[in-house]
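Since the structure comes first, as structure tokens, the remarks are kept for the end.
Numbers here simply count residues along the sequence, with the first being 1.
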Amino acid sequence: MTKAEFVASVAGKTGLTKAAAAEVVDAFVGTVIEVLKADDKITFPGFGTFSVSERAARKGRNPQTGAELQIAASKSGKFSAGKDLKGL
């Protein structure tokens with residue numbers, strides 16, 4: 001499903017116009033990003049949890065040359081499925 005299809009589905013289920021539904025979807029995504037940038041998490045009981053995953057610095061290899069290099073620590077967004085999504 002594409003974002004446009006998702007927006008159309010939300011519009012159909014809520015009675016909103018597609019433009020209003022697009023604003024709601026964009027606001028939801030923007031809010032999730034803001035919360036994760038603040039190193040917090042969002043939990044939707046039954047659906048799942050959006051959180052921040054931290055990866056430690058580690059050594060890696062350049063696949064072309066085989067030379068060893070240092071990979072910096074990083075953070076990434078993570079979604080953990082809740083009870084209602086598990087076993088679909």
Legend entry - D39 side chain reached by K75 side chain, heavy atoms, under 4.5 Å: yes

Inset, instruction - Report yes if some heavy atom in the side chain of F44 is under 4.5 Å from a heavy atom in the side chain of T49; otherwise report no. - result: no

Legend entry - Check against side-chain contact (heavy atoms from CB on, under 4.5 Å), I42 and V32: CA-CA 7 Å; I42 301 176; V32 169; 3.9 Å; yes

Legend entry - Q70: partners by side chain to side chain contact (heavy atoms under 4.5 Å, CB included), with sequence neighbours left out: A57, K59

Legend entry - Nearest atoms (heavy-atom pairs only) where R61 meets L69: C-CD2, 4.3 Å

Just list the side-chain donor-acceptor pairs under 3.5 Å for residues 2-30, sequence neighbours left out, or say none.
unit_1	atom_1	unit_2	atom_2	d
T2	OG1	E5	N	3.2
K3	NZ	D26	OD1	2.5
E5	OE1	T2	N	2.8
T14	OG1	V10	O	2.8
T14	OG1	L16	N	3.3
T17	OG1	A20	N	3.1

Legend entry - R55 (side chain) donor-acceptor with S74 (main chain) under 3.5 angstrom: no

Legend entry - Qualifying ring-ring contact (aromatic ring centres under 6.0 Å, His included) pairs, either residue in residues 48-68, two or more places apart: F50-F79

